[in-house]
Each structure stands twice: as C-alpha cells, then as structure tokens.
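Structure first, then comments.
All chains are named by letter (A, B, ...) in the order of the sequence lines, taking the proteins before the strands, and each is independently numbered beginning at 1.
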Amino acid sequence: MEPISLTGTVLLLPLASALVIMLFHGLLKNVAHLVSTGVSIIMFGCALIFLGAEDQPNGLLLYEYLKVGTFTADIGFVVDTQSRGMLFIVTFIGMLVHIYSLGYMKDDDARARYFGALSLFMFSMNGIVLADNLVMMFIFWELVGVSSYLLIGHWFKKPEAADAAKKAFLTNRVGDFGFMAGILILFGLTGHVSIAQLQGSMESGALNHIRDNYEWIITLAGLGLFLGAMGKSAQAPLHVWLPDAMEGPTPVSALIHAATMVAAGVYMLVRVYFIIGASHVTGDIIAWIGGITALMAALMATQQSDIKKILAYSTLSQLGYMVMAVGLGGPKEGMFHLYTHAFFKAMLFLGSGAVIYACHHEQNIWKMGGLYKKMPVTFWTFAIGTAALMGVPLMAGFWSKEGILAVAYPEHGHGNGILFGMAVLTATLTAFYMTRLVVVAFFGKARGKDADHAHEAPLVMILPLVVLAFPSVLAGYHFLAEPLQALVPNHHEGAGAKVVMGCSLVAVIVGFLAATRLYRNADKDPVNIPLFANKFYIDEFYAGLVKYGQDRFAWLVTALERIFVDGLTVRLPAALASGLGSWMRGLQSGSLQAYTFVLGLGIVVVVYLAVFFSTKP
Amino acid sequence: MSPLSLELGLGLLGLVLLLVESFASVPRKLIAYAAIGGLLAALAVIVSGAAGSVPDSLKEFYVVDPLALFYKGFAIIATLATIILSLEYAPIIHQFVATHPERTKEAGLGEFYSLPLFVCVGMMVMASAVDLITIFVALELVTVSFYVLVAFMRRSAASLEAGVKYLILGALSTGLLVYGMSWLYGMTGELSLSGVAYKLAHWEGNSAPILFAVGLMLAGLAFKVGAVPFHIWIPDVYQGAPTPVTAFLSVGSKAAGFVVLTRIVGTFLTPGSVVAGPVIQILLILGGATILLGNLAAIAQTNFKRLLGYSSIAHAGYLLVALACIHTGGLKMTSGEVAAFYLATYLPMTFVCFLILSAMRAKGYGEDIASLKGLGRANPTLGLALAIALASLAGLPLTAGFMGKFFVIFATVLEGYYTYLAIAVIGAATGFFYYFKVILAVYSKPDGPSEGPTPDLGLLSKVSLAVFVAAILVVGVYPDLIRFALVK
Amino acid sequence: MVTLNHYLLVSGLLFSIGLVGVVVRRNILTIYMCLEMMLSAANLTLVAFSRFRLVEGLPDYNAQALVFFTITVAAAEVAVGLAIIVALFRARQSVDITAVEKLKG
Amino acid sequence: MPAVLFYLFSALTLVFGLMVVVLRNPVASALSLVMSFAGLAALFISLDAYFIGIIQILVYAGAVMVLFLFIIMLLDIKAEALKKVNAFSVVGGALLAIVFIVQLGMILGGLEAGKKTVADVPIHFEAAAETQKLPTIKDDLAKKSLPDTKLVGMALFHRYPFQIQLMGALLLVGTIGVVILSKREVN
Amino acid sequence: MSLLEIIILLPLLAALVTWLGSPARITALAASLLNLVLVGWAFLNYQSLHGADGAMAFRHARTVLTSPHIQFAVGADGLSLTMALLTVLVTLAALWSLVDKERIYYTSTLLIASGALGAFLCTDIFFLYAFHELALIPTFLMIALFGHGDKKDAAWRITIYLGVGSLILLAGLLGVVWYCSPEKGKLTFDLLALKPLAADAPYAKYAAANFFVLLVGFGTLVSLFPFHSWAAPAYAAAPTPIAMMHAGVLKKFGLYGLIRIALPLLPTGANTPWVQHALLYMLLGNILVMGFVTLHQRRLDGLLANSSVMHMGYIFLGLASGNALGQNGAVLLMFAHGISVALLFMLCGRLRNQLGTLEFDKLGGLAANAPFLSLIFGVGAFASIGLPGLANFAGEVLIFLSTFKNFQASEGFTFLQITTILSLWGVVISAVYMLRAYRKIFFGQPSAGHFMSDPSLLQRVPMFLLAAVLLVVGLYPAILLNVVQVSLAATGLK
C-alpha cells in the first residue's frame, strides 16, 4: 500500500468508527466494541506496514485544511523514524487496550460510548503522531484532550470523575494557550507552519537570522511550545490533572495517561527540537522543570495508597525524566525512554486494572495483599514491568534510563550536576515506591475481603499483559528497537559512562532494599509524610486560586461592568432621558399663566437669537 | 379653470351644506358624504393637473407652483380624512354637544362635517399665498375655524379647556405675528414676499431692526407649527380636542403652518439675504430643542392622544431642521421640498393612529395607551395597521416615516450640521421607546378578565385605513412616488 | 419732536403691557382684553410705518388695509372667544384660569 | 399734531392700558381698555389715518367692548381675589416686558429711519393727485385734504377683494361657531 | 423577480400568509426549506455559474429613488451567500424546533429571517440597512410578550440600544455616501458604484472619523464592548427562536456591514492608528471583561448570552488584523458562531421548557437520561470554545494567525499581537465556563425533580442539522473558504 493510503486509513478509519458509534449509539449498542476493536487491529496492521515506509521529506498531503492566499495549513503526514516508531507504539498499545477493554468493560452500560471515545482517541493520537505541521498538530492535540475528557469522565455520574475530566481538559487548555502562542510566533516569523519548512528556515533561513539577532523571540516561541507540552505531558506545575485522571477506566489510564497521550508532549518537543535547541534558556528551563517534576512526583508516589495513583505519579516522574532529557539536549534519549516506558507502563496499568478487577474495584493497596498466589500471571507480568520501570539491568527501562542519566551527567554537553543528582534520587525513589507497591499489594496476607476472594482476570485481559511483557524486557535491544523504528540514542562512552552506570545500579539497589525492609509484612504505612501524601498541597493551592482568585475576580469584573459599562451606556442615559422628560412634562403644568409666560419667554429668546446672538455667518 | 375655483367651490359647498343643515332635515351622514364627494372632486382636479393659471389680478398674492399644488392636495386629503374620521367619531360628538343626548340625535354633526371645508379653503389659500395680507387672512380663517372645532364638544370639560387654551395662546400668537408683520413691513416697505426678498438681498445699513422683524415673524409662525417653546399649547389642546380635530390640527394645521413657514423662510434665505445666518441659526436651535423636548417629554405619557401630541412636536422639530438645510443640492430637493416630503409621510401614519383611536373611543374605550391592550387579538387587522403606523412614526426603515427622517438626516450630513445630526439621532432613538410602548400595548393581553366590545371601523374608514397603510409601506420602499408629485 | 421711534416705542410699550397682562391676569376675560391690546399695538406700528412710507406721495394704504383686516379678525376672534368663554362659564361657573388646569403633563 | 398732544394721547393709551392689567374688577378693566383704545385712535388720527382711527373707536369701543361688558354682566363675573395673584407670574411678566422693551429700545436706537418726524415725510398731494385715477380722490387731493376713507376703500376693494371674501368666510365660520358654542338645545 | 429577490421575499410572504391564517408550521417550514434549497443552490453554483473572480452575481436592480440614487438592488458573492446560508440554516432549525407555539412565533421568526436575508443580499446601502431593521419589532414584541425573567427590561434594552446603534449607523452610512460623492450632485447608495468613487474621495480627512462612526454603529449591533449591554439580557430573556435568530444570524449583520461597506470604502480610516487602537481596546473588553462576566454567570441562559458577546471579540480581532487571513477567519467564525450559538440556544430552550430552571446549582446528571441531548450540547459547547474539528476553530485559528502575519522580530510585539496573546487567554476562560456548565448540567448525579428525556427523532433533526454543519465545516473549512476568499479578495480587501 502507498504510504498516503496507509496513513489515511490510520487517520480516518478511527474517525469513521468514532462518528458511526457516536451517531448510532443506540443501534450499535452491542457491536460498537467490536467495530472499534476491529478498527484498532486494522490500524495496527497498517502501522506495521508503515514501519517499512520510506522517509518523505516534504510530507504526504491528505487535503488542504485551511488555504487562504499563499497560506496553507494542511492535513498532511510526516514520514520519518520518529513518526513510524511512535505510530507503532500508539497502535500497538491501542490495540492491546482495546482487546483488554473487551473484558474490562464487559458489564459497563455505556460500553458503546466508551469504545466510541476510544476510537476518537486513536484518531486524535494518530493525528498528532503524523502531523507534518504545527496547526495540524495543534488540532489533534486538542482532540486528544477532548477524547481524554470523554474517557476520564466516562463514569460521569461520579462527581470525582466528572471533575477530573474537566480539570484535565482545562489544565491542558492552559498549556494549549502557550502552544498556540508559540505557533503564532513561529508563523509570524516565517509565514508558514510546516515543521519541515520551519526546520529548513532554522537551518538556513529567516529563523536562523532571527536566532542570531533576536534570540529572545526564539526562546519565547520555544517556551510557548513547551507550555503546550507541559500541559499534555503533565509537567509541574500543570501536572495536577494526571493523578485525578485515574478516575477514568483503567485501560484508559494505560493507553492515554501512561503510554501515549501524555507522551505526546515529549514527542512534540522532539519534533520541534530544532527550536528548543536553538535557545539555551529554553533548554535549561525545560530541563529544570522536567527534573523537578520527576523528583517531586516520585516523592509524592512514595506516599500514595491507591494503586493507580502510585502508577500515575510514577508516570509523571518518568515524563519528567523524558522532558529533562530533551531539555538537556537529548531528544533521542527522551524518545527512547518514551518508547520503552510506553510498554512497561501500559503493562503496569493493565496489570493494576486486572488487580482492581479482581478485587471488585478496590484500589487501595493496603486492602490488598497476597495476590501473587491468586493471580500468578498478573503478578509475574507486573513484576516484570516493575523491574523494567525500576531500571533493573537488562530490562528495557534500564537502557533508556541510563541514557537519560548519561545526558544529565555533567560531562555531557548540557549536563548539570544538580539535575543529575535529582535524577539519581528519582531513580532511587522509583525503585523504592515500585517495590513498595509490589510488596504491599502482592505479598503478605490479604488485608481485605475483596483481596481474599480475588482470582485471575479473564483471558482477554491477561493476553495483553503477556504480550506486553516481551517488549518490556526486550524493547531496549537493537534487534527490536531498530525494526520498530525507535529513536535509539548513541551509546555514551567515556569516563562518565561508568559513573552513570554505577549510580543507576546503586539507585535500584538502595531503593529496592529500603522498600523491602520497610514494607515487608507491614499492615499499614510505617512512613507518614503528609506533605508527600497531599501532593505538596498544590491542588489545594489551585483550588484556592480558582475560588478566591478567578471566581472573585470574575465577580468583581461583573460588578464593575454592571456599574460602569451598563451604568454609563444604559442606565445613565435612560435616567437622563426620563429625568429630562419628566422635567419637560413639568413645564406642561396645565396653567395658562405658565404657558403664556413660556410663550413670552420664547418671544424674548427668539428676538435675542435673531438680533443679539450670532455665532457664525 | 382657475385654481381659485377649487377654493371657491369648496367654500360654496361648505355654505350650501350649512344651509342644508339648517333648513333641511337630512341625515347628517349625507352632509359628510357630500363634503367627501366635493373634496374628492377637488382632489381629482388637482391630481389631473387641470388647475390652470392664476388671474393676473391675483398674481401678486397668489401663486400656483408645484409646492402650492402639493400642499393643496395635502390639505384636501387631510380634510377628507378628517371628515371620514368624524364619521367614526360621530357618537362622541353628539354625546358632548347635545344637552340631552338621548332625546336628540346627531346634534351639531352637520356643522362638524362642514366646518372642515372652510378650514380646507383656508389651508389651500395658505398654500398659494405669497403676500403678508393673504397669509394673514388665510391663517386666521384656519385658526378661527379651529377655535370652534377644538371647543366643539362644549359639554366636554376637556374640549372646552382645550378650546380656551388654544384661544388664548392662539390669539397671543396672532398678535405676535401681526406685530412681526408690521415690523417686517416697516423695515422693507413691502407686503409681498418677493418684494421682501428683494429688499433683504439688497439690504444696506444696520441689520438689527430687520432681524427684529424676522425674529418676531419666526416666533409667530413657530407657534403655528408647534416649535419649542411655542409648542406649549399642543399637548393640552391635542388631548382635549375631539379626536378628528386633533388629527386635523396635527396634520392639516401643521402642514399649513409649514407651507407658510417654507415660503417665509424661503424669502428670508433668498440668496444674498442679510438675515440668512440668524434665520438658519434660529431654525436649527428651535428645531433641535423641539426634537429633544418633543421626544423626551413623550416618554412618560400615558394618554395616547397626548403622546401623539408630543410626537407631532417632535416631528415639527425635524421639519424645522429640514428647513434650515438649504444646501441639499445632492438630494435634488430644496429644503422646503424635504419638509413637504416629510409632511406627506407624516399624514398617513398620523391618521391611521387617530382612526384607530376614534374607533376605540366610539366603542367606549378610553384614550389611554393601556386601553389599547388586547387590540392585536381582538382585531388583528387594526392591530397590524396601528403597529405599522407606529413603526413608521418611530422611523423604522421600509416605512414612509423612515424616508422622511432619512432625507432630514441626510440633509444634516450634507450640510455638516453634526450637532443637529446627533440631536436628530437622539430624538429618533427616544422615539423608539414611546412608540414601541404603544405597539407593546397593542399586543399585550388586556388587563381585565372580561373583554370589551371589538373595535371596528366603517367601510369608508376601512378603505382609507387600507389606503393609508398601503401608502406607508409603498412610500417606504418606493419614495419616488411622492417625489414625483412634489418635484416637477 | 415726535419721531417714528416715538410711535414705535409707544406701540412696543402697549404690546408689552398686553403681554404682562396676559401673563399676570387670571381672569380669562381680562386676558382676552389684554390680547386685544396687543393686536392694537401691532396696528399702531403698522399705521406708523404706513404713514412714514409714502407711496406716490400718500401713506401706504395697503398697510392700512392690513390694519383693517386685523381689526376685523380681532372682532371675529372676540366673538368666537367670548362664545367659548361663555360655554366655559356654563360648564364651570368660573372664568378663572384655574378652571382650565385639568389637562397637563 | 403738536408733540404735547402726542404725549397726552400716548400717556392716555399706556396708562389706561396699564390699568387694564392692574385693576382687578373686569368691568373696570374693560372700561380702561375703552379709554386706552380711544387714546390709540387719537394716535392713529395723528398719523393721518382717520379711517382706522374711527374704526378703532367704532369696532373696539363700540362693539367689542360692549360685548365684553355684556358678557361680564351676563355672567356676573366677580373681581379677582388679590390673594390669588401669583407673585411668580407678576415678576415673570414684568421681567418679560422689561427685557422686551430693552430689546426694542436697543433696536430703535439703531433705527435711522425712525429719527424722522411726520413733518419730514409730508404728503405730496400734487404728486398723488396725478397718479390717482378715481376722480373723487383726485378732487380731494387737489383740495389738499386726504381722502383717507376712499383710499382705504380703494385698497380694500380694488386690490384685496379676494382677501375680503376670505374674510367673509372667516366671519361666517365665526358666526357659526358662536351659534354652536352657545346655542341652547331645542327639544 | 430574480432569484435573490425571491429568496428575500419568500419568508416575508410566508410570514404574511401565516399571519393571515394558513397552517403556521407547514407554511413556515415549507418556505424555509424551499429557501434552504434556493440558497444552497445559489451557493453551490455561484462559482461555476459566475466564474471564480468572486464578483457579485445574481444581480438585479430596481430604482426606487432617483436622487439620491437608491435601488432595490440585490446581488450575492461568496460572502453574502455564506451569510445567507447561515440564515436559512438557522431559520429552518429555529422553525423546526418550535413545538406547540402560537402563530406569532412563526411570523416573527420568518420576518427576522427575511430581514437578515435582505440585509445580506442587498447591494444597495439603503436597503441593506433597511432590511436589518425589519427584525426590530418582532424581536421586541417576542421578548416583551413571550420572554423569560426580566423580559420587559430586556426587550427595551435591545430595542432602544439597537435603535440608537442603527441610527448612528445610518449617520455613518450617509456619511460614507457623502464621503464618496465626487461632487454633491451625484449621491448614490449603490455599493458597487461607490467603490471606485471611494478610491479618490475628496474628503479623505474625514475617513477616520467616518469609519469610527460606522464602527460604533455596526459595533453596537454586534455588541462590541462597551456597547454590548443590550445583548446578554436580551438573549437570556428571549424566546428560543428569537435568541437563535438574533444571536445566530442577525448579530452578524454588523460584522457583515463592516466587511462589506466600512473596510472596502474607508480603508484609510480603518488603518488610522487611533481607530485601530480603539478597536483593539474594545475587542479586548469583549474578550476579557465579558469573559470574566461570563465566568460569573450562574444560569445557562445568561452564560450563553454573555459568551456570545464575548466571542464577537475574536471576530473583531480578525477584522482588526487588516489582512485577508483575518477577514477570512472572521467570516468563517461568523458562520460557525452563528450555527453553534443557535444550536446552544435551541438546547437551552429545550432545557428550560422541560426543567423549568436553568440554574446550574439546581441541575445535574442530565446525561444519564438524555445522552443524545448531552452529546449535541457537547458538540455545541465544544464548538463554541473552539475545539478543532468543529467549525469555530478554523475561524479562530485563522484569526490568530492573521494577527501575527506581519510580525517583525526587529519590532517586537505590537499592540495587535499583545492583544492576540491576551485573547488567547480568553480561549482558556471560555473553556472554563463552558466546561463548568457542561459538568454542572449534564454530569454528576441527576438532581431530584428535574427529569429530562431525549427528544423524539423528528425533533432531533434540527439539532442534528446544525451539529452536522459544525462538523462538516470544521473538518473541511475549504467548503466555505474557497467561496469566501475570492469574494473577499474581489471586494478589494488585502
């Protein structure tokens, strides 16, 4: 198949599926999931073929979305290693999640709506991956936002779910504000929005000139784009929506809030790396925000008791890692981590889903325990995922994490000692909280009735776990990464490499040992740090900001608008008119004396006007 | 056929009808029909253009130009409409004229149907009059007839009060006008307008005395057209007078005032005139004040007739401003023609209002705006007609009323009178408020639970209502219709 | 010496006296008298001007014709006016202007 | 006419005019008005307008004032009560009059033509006699007596017959009006 | 009778026939369907029949006044056809959504439709202006008689305000005619004749003032800040079809007028710095001040009404940019906003009818029993906050891009661009209030006593129609842009 028909299919098929399901919601109640899953399998097939497609430097045009005069913003596709690899990840995990959902959402009333939204998400995510220009990327950027909104709010009757959906969308909107601003600046400077053309311009064109003379503008543009990435990839301080998003069905968390959508921010940063890299300030800010996010999220994860929340903070932390890598000048490292992380984090989420499913929607790890015997497959796959996430040597996560640490290492071009330290600390904490999770949830004895009666999940749910277990181990190796078109970083050699290796090993070991020691056979959390448990009180701060800042301000503005605008344009003239009117009515007193007096006055005034008063010829 | 024969014929018809009224006991309606027939015949003569030239002996006082013919036709139509209106209103007249309404019938109606003919004669002469004596006599014929007509319902307190007020204030204005005329004569030594114009254009020396004369004249005429502050009689008199008379006053008398004002102002603004500047200034200031006062004071009115009184004041303001805009070459109309156009649009919409008001009154409804409530349901045709007329009064586009305002506003733009443009805009905007208030009442539910009798019109009134509404709409989209009649 | 201005002044004074009377008095009949006074003042002006503007050696009799018309009109007005006042008196038993203050606003 | 007489009649006119305004009894006002108009008639005559002067007496003093008095008597109208006099209207009316007179005075001050006396514009009987066509008028003028009535009649009936007819209509309307407004219904 | 005259007069005729007593619903629906077909045909065949130069087509003129020269002249190009399409779509939906309503509802809606069509399709300034006013009385009466809440006040507000606005507009239009007249003897209201005259108008120094008067006049009709305080109360109070027609269609007349008359005839006026700055300040008021005011609303009708005021700011931003990109975006957004706000008002009316309240605090969980309604509301809500894939986004993004078109690194951010960045924040604000409303009304636990069911299949048609239009234009904006941009280019706009 031609690349354009491949990409076209990949893009439009899920859209068709989504539209059909949404529109004929009632009719398709019982087949919608099959339609959607079928579509996801076809997409995966297409993505596999697409892996062999040739690079298209000018992109593939589907149609001109906006065309005014010389300006165009197309729906067009970029074909390069990055998009091929990412498309594989998205469709692969997407397909598995679809299959998994067949089981997980079997008894849900609104299953059709769920699968419709899932299709919409696939459509949107594919769009981001394939976008060859910033406007198109923005379009799909927002669309993934809305499909995420729908999926988080799937159980909309639950106030938490409804609020979480809203929060996710709005936080992303803040990010999109920056994204759009960045696009506008770049468009303003060059006159087009195509990524390839922008890159060309940066290499030898208008942008190049501007970078040399007005670097602040490039910095601003880069920061704008990064703000978009912050929203989507939940970087501090816009990270607050991601943990809440766990209110959505667990497969959604696996697909959207772990493997694909949240990674889109990183994906986008790598796409526009030529802009970010053009300004040191941008890179530094990105790296720092990434590092802070990574560390902060890891700290928060250590004190969570909800199994999905732990994974969510872990995701945050890992995203911070990736972003930091990009900021530090390692886009390939970031992308590579994204790629490995997608597999094992998706698997972890799906595994946690199986656990939750088995425990009748119990999510508190302190009410679980002893699950390894009851759910062996789940346990083993979960363990593999945990190991990969911790960065246990030879697992997929090990390679990618080591790459990032290497970038952060001071000897590397942009490396930074403090950041490196933070990264190592984060790695330690990762090992710590993941061990804690596994130890508490799977070992010891069952601490709740539901955990006691847990049993292995059905086959459709187990199968994706098993499938994902393989890349979780093997994805870091060239024999898999290369055909899958992952952006594999160059192996770092030199003195630093050993230090980095050592640090990463030590981190895993320290974290693992500390957690094992603390949590073995513990019935409740022996460590209690409210600051971490309450996520540094950032949510509370935002709630206050919304309530006392935004809403009060809105009240104030409304009042001022009423008083001044309405007062000056409506009430005052109206009062004036009616006041003057009644005064003039008062002249009409009914008394003839008054009338004759007015008439006499009129005579005098007219004579005055005629004879003695003259303003102009 | 001399154009004078029209006036003569109508005067004779009036005389004959009075005689018939006194000595023959015919149904009074026949008198009205005879008057209508005579007026229609006169109108036909005017429209056909059969009105010939003026005898030489009269050429000094009397012209027949398109403007005169236009206003003559206007006077005839206004009279016609008034008599039709009177037919609708007859029960009320009878009720308030007869000492014992139940024992007599049709008291005073014969006179009430025939007096308008004399007014019509006066107005027709005014349309042609070009010297001070003729103007004065014709004006007084109209004024004195109106004294009688306004106070006609002698058993109605309101009618009498209106009569007294009109009498006193009207006589005051007559005195003023005569005083102004004597000064104008004294300064120019001329009684004919052409002579005055010549003197004004070739004035030498101190201009203060002539300005004094001009000011007094304008003040006297301002009373007739109801310009602020000489408008003061209008609301009370309009409210108190019998409704057909109010209609006649607000259309006929006003138009007659304006034709005289047009001719006098035309004289004053003759090229090279020494008084041109102050005259324009007075017209503008009076016009601006009139627009503002008429519209603002109308806001709080609750009586529909009184509201129409203020509305007529406001319209007079626009007409004054129109008269002041003399550089309207782009419109291919003189300022007088703009004013005439405006009056022509004003006639149908005002008469529609008064027709419906009469019909309501005849069925026992009051004259308050509130008593119009439910009309839109009870008689949708009348409701729609009234709504269209009010929309036109408010100056909504696609109605005749808009075209009138359109020319005036355009004239101020062409002239560069931005202050008066702003005043016109403010006035028109205020107008929306009180006219729409009436429209709202028409389509509101009636206050009381019980519904009164359905207001309806006689056949003749229905026909004229249809004609007027059609005129409002047709002129609104095809203004050339009037312009053809006006600009030859 | 008695100049035209003297006559004009007298007529002006008479006119303003009439005006004052119209404004000040409350009896409608008296007001009406004052109005007659104003008309007569105007006539004086006209006659004075007509005398001082000779046409073919004679005073301008066209202006005096206007005076004649004015006097006639005034008489007719008086007739109608008094009839109205009588009607008013019959209705209200008063010719004070307070009898006609119902219409207002 | 000697200046003294002018001042006398002017004073007569104005003082009695003022008394019309000041006196509270309508009968007194009406009588003052008659006196005032008599003075006015004298002023007319001083301006060689004999006809107008006589008409003034005949119509006003003779007819109009009688009508007024008749109505006053008929209706038995009482004097205005003093307390009813409105101070505002008195002050306002006076102010109006003063302002008007000041305005008039300023205008008269600048009126060059007004500085002439009657003697400055004498009647040219000879010249007039030549232009007039009617023999009786010619004769009168030749005798240096002003045929005032005839001349007014000439103007009215030769020049303004149309207006006279119109005036007739006016009087007719006035008559009808009076009848309608004051007639008593016959059962 | 030319095609466009039929299109304009058809609703008028239907209104008359309806008023006289023919079956209201059938007559009205038949007329509006027929009109949809006619306008649709004209739209689709515009380019193929009249070439791609974007000039006025389907022209026809009848002189009604010789001097000044006024004609009942009709003509349509891509711009006017787009607006006409908007009108007939919304009209059809508004009429269709009426259930068990009195005759006057149909009559008024048809009258407004006719007025809007006349305003969009007339090429003579006089009639273009005049037709717009046709809606004034029906709007007034409908709000005052059948409105909700503080209906009298709202009715007066909209009437007087729009009355004043249109009179100011009239003054401005007359000023333009005067401005363009080469000598005072030849005054014409023919838009097409004025354009060549405008180029060498003798009174150039008045251009800025004249443009500003037009801006205020047209702006008042579009609820440009600070002349907007009629809009929100009136829309909140108005009966559903009136709110749909007015907010969806009629309001766009002001913008249409700016694009059709003010910008091409007074380009120097539009480019005068003080005028531009004034416009930018005003539209910032629309976006930010009204954004926060909208945020403060506690009822759905108030929220929709204020948000529709707010969104006008973006369209003005497109016009302020002064280039083709912005103008095309503005037209696109006009269309999209018209459809989306009509859709939302339609749903709002339905909610009010069924639930009796629109207060957020009393509502909740409606999605459970009315999934279709909540889906369609979602489409409308997301469209109005500029979600890609729905029509509004295409317009907004073009507008934003247009303001940066001439961005010069050496000059840094100009006021226009700073305004744009601030306006971008408005997009966030609008998402906040819209999602808040959506969350409160449709999500969460269903509140007691407020039961809501999905509409019948037949009643879904108008909703589906509007939603589908939003989607189609959102996914393929070229369907409008292709036609609009050639015409905008032909009007002489850069």
Side-chain angles (χ1 to χ4, degrees), chain B residues 327-333 376-377 380-381 384 387-388 390-391 394-399 402-403 405-407 409-416 418 421-422 424-433 435-437 439-445 474-484 487, chain E residues 16 19-21 62-70 72 103-104 115 118 126-134 136-137 140-145 152 155-156 159-179 181 183-188 206 209 213 217:
Chain B
H327 302 112
T328 47
L331 299 177
K332 297 259 176 19
M333 287 164 102
R377 272 159 221 267
T381 323
L384 187 63
I388 290 174
L390 288 163
L396 282 193
L398 305 180
T399 62
F402 175 73
M403 287 315 305
K405 286 213 172 69
F406 173 79
F407 281 121
I409 290 179
F410 205 176
T412 60
V413 169
L414 293 176
E415 200 77 43
Y418 297 119
L421 173 65
V425 164
I426 292 170
T430 324
F432 282 134
F433 181 74
Y435 293 120
F436 276 51
K437 198 166 68 173
I439 296 181
L440 181 58
V442 170
Y443 286 102
S444 297
K445 289 198 186 76
V474 170
V475 172
V477 292
Y478 190 59
D480 252 358
L481 195 67
I482 292 186
R483 265 179 48 101
F484 285 147
V487 186
Chain E
L16 192 67
W19 186 250
L20 292 177
R62 301 164 195 273
T63 302
V64 302
L65 194 63
T66 38
S67 62
H69 193 50
I70 296 178
F72 181 51
R103 197 172 289 283
I104 193 169
F126 180 85
F127 277 98
L128 184 144
Y129 170 83
F131 266 107
H132 170 256
E133 304 281 293
L134 199 58
L136 210 53
I137 290 187
F140 168 73
L141 280 181
M142 290 303 288
I143 296 178
L145 297 178
K152 288 273 166 66
W156 283 124
T159 306
I160 303 295
Y161 223 121
L162 291 190
V164 176
S166 54
L167 285 167
I168 294 173
L169 173 60
L170 177 63
L173 291 178
L174 295 179
V176 169
V177 170
W178 168 79
Y179 172 86
S181 62
E183 69 240 51
K184 279 190 175 178
K186 282 183 187 166
L187 297 170
T188 177
Y206 293 103
V213 173

Between L167(E) and A428(B), the two heavy atoms sitting closest are CD1-CB, 3.3 Å
Q) Does the side chain of R483(B) reach to within under 4.5 Å of the side chain of T66(E), using non-hydrogen atoms? A) yes
- Evaluate the side-chain proximity of L187(E) to L414(B): yes if any heavy-atom separation is below 4.5 Å, no if none is. yes
Ranked by heavy-atom pairs below 4.5 Å to chain E, first place among Y478(B), F436(B), F402(B) goes to F436(B)
Rounded to the nearest 0.5 Å, the CG atom of L398(B) sits from the NE2 atom of H132(E) at a distance of 12.0 Å
Taking every heavy atom of W19(E) against every heavy atom of L384(B), the minimum-distance pair comes out as NE1-CD2, 3.9 Å
Greatest number of non-hydrogen atom pairs under 4.5 angstrom with chain E, of L421(B), V425(B), L396(B), falls to V425(B)
Does the side chain of F406(B) reach to within under 4.5 Å of the side chain of I70(E), using non-hydrogen atoms?
yes
Turns out that what part of L20(E) lies under 4.5 Å from chain B's heavy atoms comes down to neither
Turns out that what part of F127(E) lies under 4.5 Å from chain B's heavy atoms comes down to side chain
Turns out that what part of K437(B) lies under 4.5 Å from chain E's heavy atoms comes down to both
Original post:
Heavy atoms, side chains only, cut-off 4.5 Å: are V64(E) and D480(B) in contact?
Top reply: no
So, the part of L141(E) with a heavy atom under 4.5 Å from chain B: the answer is side chain
When the 4.5 angstrom heavy-atom criterion is applied to L173(E) and chain B, the contacting part is neither
Those residues at least two apart in sequence (or on a different chain) that pass side-chain contact (heavy atoms from CB on, under 4.5 Å) with I160(E) are F432(B), F433(B), W156(E), V164(E)
Turns out that what part of I439(B) lies under 4.5 Å from chain E's heavy atoms comes down to both
Under 4.5 Å to a heavy atom of chain E? For I409(B) that would be both
Smallest heavy-atom separation, L145(E) atom then Y443(B) atom, equals CD1-O, 3.3 Å
The interface call for F72(E) against chain B, heavy-atom contacts under 4.5 Å, is neither
- For the residue pair P397(B) and L134(E), establish whether any side-chain heavy-atom pair is separated by less than 4.5 Å. no
message: Please tell me whether F410(B) and F126(E) form a close aromatic pair, meaning their ring centres lie under 6.0 Å apart.
response: no
Between L440(B) and A144(E), the two heavy atoms sitting closest are CD1-CB, 3.4 Å
If one checks every heavy atom of L170(E) against chain B at 4.5 Å, the contacting part turns out to be side chain
With side-chain contact (heavy atoms from CB on, under 4.5 Å) as the criterion, how do L65(E) and F407(B) come out once you've worked through the C-alpha distance, each side chain's angles and the decisive distance to 0.1 Å? CA-CA 12 Å; L65(E) 194 63; F407(B) 281 121; 3.4 Å; yes
